[in-house]
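Written below as structure tokens is the structure these notes are about.
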Amino acid sequence: MARMIRLEAAGPVKIDAATWPRDDQGNPKTLWICACGLSAKFPFCDGTHKCCREEKQGRVYRYDPATKTVVSCEPEAG
Ligand code: FES
């Protein structure tokens, strides 16, 4: 499985340790970084990756960025 993702940023996203979320004891909380490319809170995971669970090996998927639904699914080139 693979995904075609459109990203328009032309630079990095800064994650500043000074603003890192902390628990009640002041310890840094775990942050999850999006690896599926579909998160509305990119670069952080927002759970949208759950819509990728049905993807099949050997296929390339394209998603509607607003609805997070598959708009095309084609055999992987190669
Ligand atoms: S890994 Fe992308 S939304 Fe969770």
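Along the sequence shown, residues carry numbers from 1. Indexing begins at 1, ligand by ligand and atom by atom, following the structure's order.
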Output, in order, the C-alpha distance, side-chain angles, deciding distance and verdict of side chain to side chain contact (heavy atoms under 4.5 Å, CB included) for Cys36 and Cys52.
CA-CA 8 Å; Cys36 75; Cys52 305; 4.3 Å; yes
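No more than 12 heavy-atom neighbours from other residues, nucleotides or ligands sit within 6.0 angstrom of CG on Asp24.
Salt bridge annotation for Glu8-Arg6: present, with a cationic side-chain nitrogen under 4.0 angstrom from a carboxylate oxygen.
For the pair Trp32 (side chain) and Phe44 (backbone), a donor-acceptor distance under 3.5 Å is absent.
Distances under 2.8 Å from atom 2 (Fe) of ligand 1 pick out the protein N/O/S atoms Cys34 SG, Cys36 SG.
At a threshold of 4.5 Å between non-hydrogen side-chain atoms, the residues Arg3 and Tyr63 count as touching.
Atoms OG and CZ, from Ser72 and Arg59 in turn, are 10.0 Å apart once rounded to the nearest 0.5 Å.
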